[in-house]
Amino acid sequence: MCGALRASDAGKKAVLMGWVNRRRDHGNLLFVDLRDRSGVTQVVINAERNAAIHEKSAALRNEYVIAVIGAVKLRDANTVNANMPTGEVELVAEELRILNESKLPPFLPSDTALTNEETRLKYRYIDLRRDVMQFNIELRHKVAKAIRDYLSAQEFFEIETPFMTRSTPEGARDYLVPSRVQPGTFYALPQSPQLFKQILMISGFDRYFQIVRCFRDEDLRADRQPEFTQIDLEMSYPQPERVWEVVEGFLTAAFAAAGVAIKTPFPRMDYDEAIRLYGIDKPDLRLPAFTDVRDCFSAENVQELAINANLPVIAIRTPKVGELSRKERDDIKPMFHAKGGAKIFEDFKRISNKFPEAAAAIAKKTGMAEDDLIVLIAGSVQSGAQAALPAQRKVTPQELAIYSSAGLLRLALAQKYADRHGIFKKSGDAAKDFRFLWVTNFPMFEWDEGDKRWNAAHHPFTSPHEEDMAKLESGVEALNDPLSPLSAVRALAYDVVLNGTELGSGSIRIHRQDVQSRIFRALGMTEEEARARFGFFLEALEYGTPPHGGIALGLDRIVMILAGAESLREVIPFPKTARAVDLMVDAPTPVGEAQLKELGIAIRRAKE
Ligand code: ASP
């Protein structure tokens with residue numbers, strides 16, 4: 001391999017094959033940097049010594065594929081390149097073969113300046129020759145292998161599940177595949193192998209995993225891919241902690257494969273606590289949590305500030321940011337005035353001038369140090385009385401409005417912190433600050449204000465808490481009430497979060513058919529609808545289903561973080577653009593009439 005030769009190989013004969021990375025013509029001497037995935041070796045072609053190959057070498061251009069037979073020789077001391085692993089030696093060519101020529105590529109793998117991404121994706125085969133991409137794809141392989149090895153050692157079986165199947169609800173649209181044999185019918189590509197892995201538990205394969213492609217037709221945000229890879233697993237009889245232990249185990253192995261040691265077990269936090277402390281269900285633990293400073297203000301203060309005395313007053317402390325400029329303050333203000341009546345006080349100096357006692361108390365309570373920035377968020381007087389809440393629901397909708405506004409603001413301020421300190425970058429040492437977290441006990445249902453109905457917060461196969469079963473039962477009697485007992489049903493669901501990114505979600509599943517039917521009912525499905533969509537599964541649940549649970553983590557995202565890459569496209573060999581297009585093969589494309597006819601499909605175009 002082109003990256004293999006060392007000083008100890010001097011005197012040996014070697015054969016190298018690869019691409020011409022660069023050539024430097026010094027008249028009688030031609031230097032060729034020969035590259036393959038392992039690295040680069042300098043090849044020397046000496047006209048005086050070997051006129052025949054010198055002539056041949058005149059034809060060499062960048063990205064030609066060649067084979068060289070030669071003698072490994074130590075370089076002169078003054079030409080040793082300490083930055084290259086092969087920098088102490090060179091290969092003196094004795095025989096040269098041009099295996100293939102290359103057109104001049106639109107960009108060179110050795111270019112240091114990156115060309116635009118469209119060109120990179122169109123000529124992905126050239127792009128993938130760059131060492132960063134070679135590194136990322138190798139890392140992806142190593143990470144996947146470490147996970148496979150770990151799970152195999154834990155006696156998980158890797159079992160394949162179908163791609164041509166029925167819809168699996170994970171909250172996105174399905175990609176459909178028309179059937180030719182049964183015109184008018186469609187397979188759906190799986191959004192996840194959810195029902196198959198549960199059926200594998202019913203089938204007796206009590207530990208399953210799969211590193212598997214999933215397909216979701218979503219409105220693509222910058223960091224999504226229509227097809228992506230999950231580390232999907234399921235096991236029989238686990239408590240949530242057992243699933244977490246397995247995940248911590250394979251993440252330790254995966255990060256070790258990238259040379260990063262992580263600490264386990266990861267801290268754990270209830271969903272309600274995450275909302276109260278960070279205003280978001282995937283908190284970034286690298287910056288401080290909120291402090292409720294409501295009690296730092298006197299009754300008069302509260303009146304003068306026109307804030308709601310019954311709601312929390314959140315202090316967001318961002319360390320070492322200093323004061324915000326007038327423009328920065330103006331930038332953040334409008335975003336939050338609109339949100340659920342939250343009121344923002346972005347100028348702490350003004351608060352200190354007006355309410356010195358309150359400000360001193362806030363500084364103390366938040367642990368404010370010199371140069372720390374404090375921004376306050378409170379409820380406005382108009383945000384109304386607190387709604388009465390079903391027991392066990394700890395955060396009221398009004399509080400939630402404040403917490404989530406504060407959560408967004410905290411992230412916006414964290415960005416300022418990052419900008420000013422040049423940290424939170426995805427590369428360099430700061431990128432090695434990995435704060436994992438388990439967020440648990442999510443609500444089972446989410447109220448959809450638009451459609452006036454309940455959705456599953458995770459997916460409909462997630463088990464409610466045993467203690468909340470009664471609420472589920474009474475809740476299904478009042479399906480169109482956002483404050484029905486359903487709002488207080490907690491799920492045995494958990495997310496694993498890293499530095500503010502959700503790496504994966506999972507849950508303990510429903511294993512009782514009656515409970516599963518009730519959940520479908522709560523989601524607004526009639527008995528017939530549930531049977532039509534999930535009849536096979538409801539039936540399977542009746543044949544001795546063991547309690548089971550599992551999780552799925554995004555492999556692409558994990559590799560992206562480990563590679564210090566800015567986008568998933570940097571770690572997926574053949575990704576799609578934000579418009580779900582593969583620029584290299586040019587997909588999707590229209591298909592011919594004949595093929596459509598065979599499938600019984602007619603395309604209807606919207607009228608202009
Ligand atoms: N199927 C779920 C998902 O893809 C993960 C799980 O519950 O295991 O998000």
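Each ligand, and each atom within it, is numbered from 1 in the order the structure gives. Numbering starts at 1 and runs along the sequence shown.
- For K145, the NZ atom counts as loosely surrounded, since its 6.0 Å shell holds 12 or fewer non-hydrogen atoms of other residues, nucleotides or ligands.
- Scanning the protein heavy atoms around atom 2 (C) of ligand 1, the nearest turns out to be E170 OE2, 3.2 Å.
- Remark: among candidates R216, Q191, Q194, the nearest residue to atom 4 (O) of ligand 1 is R216, based on non-hydrogen atoms.
- Near G506, meaning under 4.0 Å from one of its heavy atoms, ligand 1 places the atoms 6 (C), 7 (O).
- Remark: ligand 1 atoms within the under-4.0 Å shell around heavy atoms of S192 are 1 (N), 4 (O).
- Aromatic ring pairs are classed by plane angle as parallel below 30°, tilted from 30° to 60° and perpendicular above 60°; the pair F461 and F520 is perpendicular.
- Proximity to S505 (heavy-atom distance under 4.0 Å) selects the following atoms of ligand 1: 5 (C), 6 (C), 7 (O), 8 (O).
- When heavy-atom distances to ligand 1 are checked against a 4.0 Å cut-off, A552 comes that close through both its backbone and its side chain.
- Counting atoms of ligand 1 from 1 in the listed order, those under 4.0 Å from a heavy atom of R509 are 6 (C), 7 (O), 8 (O).
- With ligand atoms numbered from 1 in the order given, ligand 1 contributes 4 (O) to contacts under 4.0 Å with heavy atoms of Q230.
- The existence of a salt bridge linking R120 and E570 is confirmed by a sub-4.0 Å separation between a basic side-chain nitrogen and an acidic carboxylate oxygen.
- Close contacts of ligand 1 with I551, meaning ligand atoms under 4.0 Å from a residue heavy atom, involve 8 (O).
- Using a 4.0 Å cut-off to heavy atoms of K197, the atoms of ligand 1 that qualify are 6 (C), 8 (O).
- Classified by interplanar angle (parallel below 30°, tilted 30° to 60°, perpendicular above 60°), the ring pair Y403/F290 is parallel.
- Using a 4.0 Å cut-off between charged nitrogen and carboxylate oxygen, E227 and R213 count as a salt-bridge pair.
- When non-hydrogen atoms are compared, ligand 1 lies under 4.0 Å from neither the backbone nor the side chain of E234.
- At a threshold of 4.0 Å, the pair R531-E528 does not count as salt-bridged, since none of the basic side-chain nitrogens sits closer than that to a carboxylate oxygen.
- For the residue pair W438/E241, the side-chain donor-acceptor check at 3.5 Å is not satisfied.
- Checked for salt-bridge contact, D586 and K122 miss the test: no charged N lies under 4.0 Å from a carboxylate O.
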